[in-house]
Amino acid sequence: FDPSACSAFNGLAMVLVTRDRWADLSRAASEAAVRCPMDARPLLAMALAEYKRGSGSMPVQLLDSARRRLSASDRARLE
């Protein structure tokens, strides 16, 4: 198990969400976004965390960035 692997982020994010640890989720997502630049999931998680923290327009900007990282099939599924 490698906690720095891109696939490990999902499990960590789920734990942090269930515990309402929004600052920790934002920090972990920020680190994962750097490690996994083509993965939209860290940006989606960071958008949720920042929304829950009341960060103004930042969540919308993060969602826009995440959308660009999504595959065409995932983008179509969400629209």
Side-chain angles (χ1 to χ4, degrees):
F1 175 72
D2 179 5
S4 68
C6 296
S7 59
F9 174 73
N10 290 344
L12 174 62
M14 286 189 280
V15 168
L16 295 174
V17 166
T18 59
R19 295 184 179 172
D20 293 332
R21 292 177 54 185
W22 306 117
D24 292 333
L25 177 60
S26 184
R27 188 172 31 262
S30 178
E31 293 168 4
V34 171
R35 279 194 319 273
C36 311
M38 299 309 294
D39 192 346
R41 292 171 293 188
L43 292 180
L44 292 169
M46 197 179 339
L48 172 63
E50 293 304 320
Y51 172 78
K52 291 296 223 172
R53 294 174 73 195
S55 297
S57 65
M58 185 187 294
V60 173
Q61 295 166 353
L62 289 166
L63 288 172
D64 287 342
S65 295
R67 186 176 175 274
R68 288 191 289 278
R69 291 185 185 186
L70 289 170
S71 66
S73 61
D74 284 340
R75 242 188 335 268
R77 188 171 49 95
L78 292 173
E79 292 180 352

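As the structure is a computational prediction, the values presented were derived from the model and not from experiment.
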- [ ] Provide the closest heavy-atom pair for A29 versus P42 in the form atom of the first, atom of the second, distance.
- [x] CB-O, 3.2 Å
Open item on the list: Please give the remaining members of the hydrophobic cluster of L44, linking ILVMFWY side chains under 4.5 Å, ordered by chain and number.
Closed with: L63
TODO: Could you note down all residue pairs passing side-chain hydrogen bond (donor to acceptor under 3.5 Å, both in side chains) where residues 6-20 supplies at least one of them, sequence neighbours left out?
DONE: none
TODO: With sequence neighbours excluded, tell me which residues meet side chain to side chain donor-acceptor pair (under 3.5 Å) with S65.
DONE: R68
TODO: Could you tell me which residues satisfy side chain to side chain contact (heavy atoms under 4.5 Å, CB included) with E31, sequence neighbours excluded, listed by chain and number?
DONE: R27, R35
Open item on the list: Filter on disulfide bond (SG atoms under 2.5 Å apart), then keep only pairs touching residues 14-79, sequence neighbours left out; what's left?
Closed with: C6-C36
Task: Test salt bridge (charged side-chain N to carboxylate O under 4.0 Å, His left out) applied to D64 - qualifying residues, sequence neighbours left out - done: none
Open item on the list: Set out, in order, the CA-CA distance, both residues' side-chain angles and the distance that settles side-chain contact (heavy atoms from CB on, under 4.5 Å) for L16 and W22, then state yes or no.
Closed with: CA-CA 7 Å; L16 295 174; W22 306 117; over 6 Å; no
Open item on the list: Suppose we screen for side chain to side chain contact (heavy atoms under 4.5 Å, CB included). Which residues come up paired with S73, at least two apart in sequence or across chains?
Closed with: S71
Open item on the list: Can you list everything that forms a side chain to side chain donor-acceptor pair (under 3.5 Å) with R69? Sequence neighbours excluded, please.
Closed with: none
Task: Contacts of type side chain to side chain donor-acceptor pair (under 3.5 Å), residue R21, not counting sequence neighbours - done: D24
Task: Pairs touching residues 43-53 that satisfy side-chain hydrogen bond (donor to acceptor under 3.5 Å, both in side chains), sequence neighbours left out - done: S26-E50, E50-R53, E50-S55
Task: Linked hydrophobic residues, M58 as query - side chain contacts closer than 4.5 Å - done: L43, M46, L62
Task: L78: hydrophobic cluster co-members (side-chain, 4.5 Å) - done: L70
